[in-house]
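Protein chains get the first letters and strands the later ones, always in sequence-line order, with residue 1 at the start of each.
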Amino acid sequence: MAQKPGIPKGTRDFSPSEVAKRNYIFTIIKKHFETFGFQLIETPSFENSETLMGKYGDEGDRLIFKILNSGDYISKVDSATYESKDSNAISSQISEKALRYDLTVPFARYVVMHQNEIDFPFKRYQIQPVWRADRPQKGRFREFYQCDADVVGADSLLQEVEFVQLYDAVFTELGLKGVNIKLNNRKILAGIAEIIGAKDKLIDFTVALDKLDKIGEAGIKKEMLQKGISEEAIAKASPLFSLSGTNSEQLTVLKELLATSEDGSKGVEELRFIVDTIEMLGLQSAQLSIDVTLARGLNYYTGAIFEVGAPQGVKMGSIGGGGRYDDLTGIFGLKDVSGVGISFGLDRIYLVLEELNLFPEAIDRSLEVLCLNFGDREALAALKLVSTLRGAGVKADLYPSSVKINKQFKYANNRNVPYVILIGEQELSEDSFVVKDMISGTQETYNLKNPEAFLKEFESTN
RNA sequence: GUGGUUGUAGCUCAGCUGGUUAGAGUGCUUGAUUGUGGUUCAAGAGGUCGCCGGUUCGAACCCGGUCUUCCACCCCA
């Protein structure tokens with residue numbers, strides 16, 4: 001019995017035109033990564049569980065795909081654990097490998113393992129799929145690609161500045177105007193928590209604060225109260241809830257608010273440096289804005305936090321994110337190596353470009369010239385011409401069988417082929433070929449002995 | 001992981017309160033056109049109504065389960 005074909009939830013097949021569009025994005029990202037001096041590495045699709053577990057918080061652990069051990073794994077579980085029906089306890093005994101959840105933690109592991117062969121500062125980029133056992137939604141998959149660029153071994157804030165420029169360069173070339181690069185600093189969040197006397201509630205406080213634009217001021221106050229943050233503390237923090245104005249104005253307010261916090265003041269200084277430097281250098285199409293409610297990746301970011309939002313009017317979560325993590329390699333035993341990096345969410349960028357119709361028209365032009373097949377003798381001459389065209393780098397093909405011309409034309413039309421070449425009995429006897437421009441509908445005759453004439457014409461219009 | 005939502009022709013979707021033979025547009029095939037596509041006209045093919053079970057004389061429609069889609073949480077690219 002034939003089984004019904006299907007693919008797992010949250011995964012996708014990519015057909016030719018989708019792959020072409022995805023490659024278009026990859027190529028642009030890659031190009032800019034390389035012009036910024038990043039080197040490509042790859043890491044395994046799965047890691048030892050202990051490398052991944054505990055690095056993304058409890059929530060993250062839940063979303064890690066675990067790989068079952070080989071062999072008769074269940075017999076090796078001790079009876080007490082087996083009887084306990086405790087999923088976590090059992091899974092640690094029947095699974096010791098897991099699919100990669102992001103590219104940053106494997107990179108940290110890589111740096112520690114290869115520390116003796118790396119020249120620091122090390123700028124690497126990596127474009128590979130990652131897996132999350134999440135419940136899918138629009139722009140949210142269980143298998144998706146991340147495009148990461150990170151620098152390790154450089155404390156300078158100039159790195160942060162560079163990453164803002166990198167975001168700007170990529171999105172500008174993609175034609176995605178007006179992306180908003182949001183910038184925050186973990187030290188500012190820590191400083192605020194310190195000032196309001198809720199240092200121990202930093203995570204709860206920032207997670208709530210992060211939802212400001214979603215549930216509003218009243219909503220986050222309520223959530224903070226529920227998490228055990230005092231009303232007094234919330235009142236102290238309230239200037240943040242309505243923080244507005246230019247980056248510079250916001251920094252002035254923050255500086256005052258955080259004057260008595262060493263951490264907080266440092267964060268303000270760092271932000272000011274980045275903002276001022278970018279101001280002097282200028283951006284092509286993106287805008288950089290401070291957003292104190294930004295609180296992503298708190299489990300490891302220690303300094304700058306980046307997030308890129310889709311342009312206004314596009315309903316999509318963030319299309320990129322990143323930040324500085326001073327001690328990520330620390331957990332693998334390498335102290336005092338600072339890292340900072342950003343990530344592009346390829347799959348989401350794809351959806352945004354698609355929605356805004358920003359892919360170049362000719363992107364899925366997989367064939368530029370199609371020779372029609374009029375029969376054995378004609379096809380032979382056509383194949384000779386096709387070889388010449390291919391030699392000149394033209395994507396050319398000969399229709400494989402001499403079916404009705406009508407059908408062959410229809411095929412060319414569906415494949416979006418801009419030029420169709422006809423070599424029939426008459427052309428063959430005259431040693432010529434006819435080129436039909438499928439867009440204008442006009443036809444022109446060339447000599448078979450001089451295909452360069454057509455090539456010249458072709459080059460000039462493409 | 002929690003709550004909801006969706007699934008009917010290759011694709012986009014109609015389908016009344018449960019009632020005979022499940023429709024449209026588009027695409028496909030054939031012909032008008034045996035050497036000219038994208039427009040037009042005519043004819044034709046194409047369906048386990050997601051899957052499994054239940055209720056009923058009778059189920060695309062009601063009920064349960066399951067898978068899938070999308071949405072809100074959680075979290076995140």
Side-chain angles (χ1 to χ4, degrees), chain A residues 1-12 15 25 29 56-64 87-88 100-104 127-148 203 207-208 210-211 214-215 219 223 294-299 305-310 315-323 341-352 370 372-375 378 399 402-428 433-443:
Chain A
M1 195 178 92
Q3 70 177 32
K4 201 175 180 178
I7 55 175
K9 176 168 35 180
T11 65
R12 297 146 299 155
S15 295
I25 302 173
I29 292 176
Y56 310 101
D58 292 343
E59 200 57 42
D61 282 358
R62 203 195 78 207
L63 298 176
I64 292 174
S87 302
N88 284 332
R100 145 177 89 213
Y101 177 88
D102 74 353
L103 300 178
T104 306
I127 298 178
Q128 289 188 279
V130 302
W131 294 270
R132 294 185 187 177
D134 207 353
R135 197 176 276 210
Q137 275 181 42
K138 183 175 190 166
R140 176 179 250 194
F141 308 98
R142 302 216 289 187
E143 177 184 62
F144 62 97
Y145 274 74
Q146 286 192 332
C147 312
D148 275 28
I203 301 281
V207 165
D210 190 53
K211 295 178 193 164
K214 215 170 195 175
I215 59 178
E223 180 163 332
L294 181 61
R296 297 305 163 92
L298 272 178
N299 283 298
I305 302 172
F306 299 108
E307 181 174 299
V308 184
K315 203 161 174 275
M316 180 63 66
S318 60
I319 55 177
I342 58 170
S343 180
F344 289 81
L346 171 100
D347 300 270
R348 289 188 176 177
I349 293 171
Y350 179 103
L351 290 170
V352 171
L370 180 73
L372 302 196
N373 190 323
F374 285 84
E378 292 87 347
Y399 197 90
S402 58
V403 298
K404 268 201 248 175
I405 296 310
N406 196 297
K407 192 181 159 87
Q408 298 190 40
F409 260 108
K410 219 162 191 168
Y411 176 80
N413 210 51
N414 290 344
R415 284 283 306 267
N416 237 318
V417 182
Y419 295 102
V420 166
I421 289 182
L422 299 93
I423 305 176
E425 199 179 343
Q426 194 186 332
E427 285 78 13
L428 201 56
F433 63 99
V434 170
V435 177
K436 174 158 183 170
D437 181 327
M438 294 295 279
I439 294 146
S440 66
T442 57
Q443 299 192 165

Legend entry - Listed nucleotide nearest any side-chain atom of A/P136, set B/rG37, B/rA77, B/rU69: B/rU69

Inset, instruction - Please evaluate the base of B/rU68 for a donor-acceptor partner in the side chain of A/K9 within a cut-off of under 3.5 Å? - result: no

Inset, instruction - Measure from the side-chain heavy atoms of A/R132 and tell me the nearest of B/rG37, B/rC74, B/rC76. - result: B/rC76

Inset, instruction - Could you check which of B/rG1, B/rA77, B/rU29 has an atom nearest any side-chain atom of A/R348? - result: B/rA77

Inset, instruction - Look at the side-chain N and O atoms of A/K407 and state whether any lies under 4.0 Å from the OP1 or OP2 oxygen of B/rU30. - result: no

Legend entry - Minimum-distance nucleotide (side-chain atoms of A/Q426 versus B/rG31, B/rC73, B/rG35): B/rG35

Legend entry - A/I319 CD1 to B/rC76 P, straight-line distance once rounded to whole Å: 18 Å

Inset, instruction - Confirm from the modelled atom types if A/N413 and B/rG38 form a donor-acceptor pair under 3.5 Å, side chain to base only. - result: no

Legend entry - Whole angstrom value for the distance that separates P of B/rU39 from NZ of A/K410: 8 Å

Inset, instruction - Can you tell me the distance, in whole Å, between the CD1 atom of A/I64 and the P atom of B/rC76? - result: 13 Å

Legend entry - N or O in side chain of A/N406 less than 4.0 angstrom from B/rU33 OP1/OP2: no

Legend entry - Candidate nucleotides B/rC75, B/rG37, B/rG35, ranked by approach to the side chain of A/I405 - the nearest: B/rG35

Inset, instruction - Between A/G139 and A/G441, just flag the one whose closest nucleotide in RNA chain B comes earlier from the 5' side. - result: A/G441

Inset, instruction - Take the protein atom CZ of A/R135 and the nucleotide atom P of B/rC67, then report the distance between them rounded to whole Å. - result: 10 Å

Inset, instruction - Could you check whether A/F374 and the base of B/rG35 form a stacked pair, meaning centres closer than 5.5 Å and planes differing by less than 30°? - result: no

Legend entry - Nearest-Å distance for atom pair NZ/P, residues A/K138 and B/rC76: 22 Å

Inset, instruction - For residues A/L370 and A/Y411, determine if any side-chain heavy atom of one lies less than 4.5 Å from a side-chain heavy atom of the other. - result: yes

Legend entry - Residue of the set A/D61, A/D102, A/T104 for which side chain to side chain donor-acceptor pair (under 3.5 Å) holds with A/Y56: A/D102

Inset, instruction - Return yes if the base of B/rU36 and the side-chain atoms of A/Q408 contain a donor-acceptor N/O pair under 3.5 Å, otherwise no. - result: no

Legend entry - Rounded interatomic separation in angstrom, taking CG from A/N414 and P from B/rG37: 13 Å

Inset, instruction - Give a yes or no on whether a donor-acceptor pair under 3.5 Å exists between the nucleobase atoms of B/rG35, that is its base, and the side chain of A/E427. - result: yes

Legend entry - Rounded distance (Å) that lies between atom P of B/rC73 and atom CD of A/E59: 14 Å

Inset, instruction - Take atom C1' in B/rG64 and the same atom in B/rG25, then report the distance between them in whole Å. - result: 36 Å

Legend entry - A/K404 side-chain N/O to B/rG37 phosphate OP1/OP2 under 4.0 Å: no

Legend entry - A/Q146 CD - B/rA77 C1' separation (whole Å): 6 Å

Legend entry - Whole-Å P distance, B/rG15 and B/rG23: 15 Å

